[in-house]
Q: 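Below are the structure tokens for one structure; questions will follow.
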2 protein chains.
Amino acid sequence: MSISSRFSVAIHILALLEINKEGVCTSEYLAGSINTNPVVVRKIVGMLKKANLVEVRPGIAGTELVKELSEVTLFDVYKAVNVVNEKELFSIHDNPNPECPVGRNIQDTIEPFFIAAQVAMEEVLKSHTLKNIVQDIVTKEEMY
Amino acid sequence: MSISSRFSVAIHILALLEINKEGVCTSEYLAGSINTNPVVVRKIVGMLKKANLVEVRPGIAGTELVKELSEVTLFDVYKAVNVVNEKELFSIHDNPNPECPVGRNIQDTIEPFFIAAQVAMEEVLKSHTLKNIVQDIVTKEEMY
DNA sequence: TTACATGTAACTATCATAGTTACAATTGTA
DNA sequence: TACAATTGTAACTATGATAGTTACATGTAA
């Protein structure tokens, strides 16, 4: 199991929009940096658009950032690309046997523990912004 | 995306082994409580055995606990059933373009953030034992 | 009108999951 | 020793998500 790379691709896109904000970022250009297909990019950009993180318009070349990256957390991106649903990071087997004391209570018993673990992970994502990401990229670049 | 229900099934099995420690827990009995196939149970029990959480022997009916449940954390079970690999909760797209400043740094930049989020989730799993689970089940039972 | 982008449907290949059948290997007991 | 019951495992199926791809309708600017 692994959370979809849509998340890392979306971060890549947003970081590139910032770093290349002077240029025109078409889906083909973005796909070239990510090394994937322009359609994959358009699908993810579409999700970022729905989340009001970018602006794109049919027929007009280029995607642009809507917000300052210091105002966008990794959690915002994570929700935008819909990689994990609320309370559903862990799946619980359904239809355990209600005739059994364990079977009839296991779901309600386990759920809060799983949710707590998911929330802890998501809190970390909330604690970092895309500005942090871009800064780290710039710092790594300057080391050469 | 969702983490395999092998994890919740494994917790179910271990809790049931504790609650029914007087009885003989065959794969068929366990499967009856979980409401699945005995082979599915045997596969998961095999993983728990490798992790030294249970004892089972070919030909001999019944699986038994090896440890006190107060000494087994949810993290131990999570690792035993191999639902998420180390550092791989989030996947990162491979082969980004090295000609691009974002492409050549994105992987190394993102990874520590992803690992931090995964570790936070796993820390929560480490903070709870199977004894907590069994206690919660017993408490819920007593409410009737 | 042309050229170029975006948006999206439809399809493919690949993989993990969960379940299932079948059967060999192991053990206790009549 | 033979038998019945159980575990261990290989092999297979169905399902669903992912990532990629082709094709094309739609929209915009020059």
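We name chains A, B, ... by the order of the sequence lines, and we start the count at 1 in each one. Bear in mind the structure is a predicted one, so any value in this text is a computation, not a measurement. Scope of the values below: all heavy atoms of this structure, side chains included, with no hydrogens, waters or symmetry mates.
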Q: Would you list the pairs meeting side chain to side chain donor-acceptor pair (under 3.5 Å) in which at least one residue belongs to residues 24-48 of chain B, sequence neighbours left out?
A: His12(B)-Ser33(B), Asn20(B)-Tyr29(B), Ser27(B)-Arg42(B)

Q: Quickly work out the Ile60(A) CD1 to dT6(C) P distance and round it to whole Å.
A: 10 Å

Q: Please give, in whole Å, the distance from dT18(D) P to Asp94(B) CG?
A: 16 Å

Q: Does anything in residues 28-46 of chain B come within less than 4.0 Å of DNA chain D? Heavy atoms only, and list the residues if so.
A: Val39(B), Arg42(B), Lys43(B)

Q: Considering the terminal five base pairs at each end of the helix from dT1(C)-dA30(D) to dA30(C)-dT1(D), what angle separates the two local helix axes, rounded to 10°?
A: 0°

Q: Going by atom types only, do Thr73(B) and Asp76(B) share a side-chain donor-acceptor pair under 3.5 Å?
A: yes

Q: Would you give me the side-chain donor-acceptor pairs under 3.5 Å for residues 107-116 of chain B, sequence neighbours excluded?
A:
| unit_1 | atom_1 | unit_2 | atom_2 | d |
| --- | --- | --- | --- | --- |
| Gln107(B) | NE2 | His93(B) | O | 3.1 |
| Thr109(B) | OG1 | Asn105(B) | O | 2.7 |

Q: Please list all pairs meeting salt bridge (Lys or Arg N to Asp or Glu O under 4.0 Å) that have one or both residues in residues 77-106 of chain B, counting only residues at least two apart or in different chains.
A: Glu141(A)-Arg104(B)

Q: What is the distance from CD1 of Ile3(A) to P of dA16(C), rounded to the nearest Å?
A: 16 Å

Q: Return the value, rounded to whole Å, for the distance between atom NE2 of His93(B) and atom C1' of dG20(D).
A: 15 Å

Q: In whole angstroms, how far is the C1' atom of dT6(D) from the NZ atom of Lys49(B)?
A: 12 Å

Q: Nearest whole Å is fine: how far is dT17(C) C1' from Asn82(B) CG?
A: 13 Å

Q: Base, sugar-phosphate, or nothing: which does Thr63(A) touch, judged by heavy atoms less than 4.0 Å apart?
A: nothing

Q: For Glu18(A), enumerate each residue passing the salt bridge (Lys or Arg N to Asp or Glu O under 4.0 Å) test, keeping only those at least two apart in sequence or located in another chain.
A: Lys21(A)

Q: For Lys50(A) and dG7(C), give me the distance from atom NZ to atom C1', rounded to whole Å.
A: 11 Å

Q: Rounded to whole Å, please give me the gap between CD in Glu88(A) and C1' in dG16(D).
A: 14 Å

Q: Is the closest side-chain heavy-atom distance between Leu48(A) and Val56(A) below 4.5 Å?
A: no

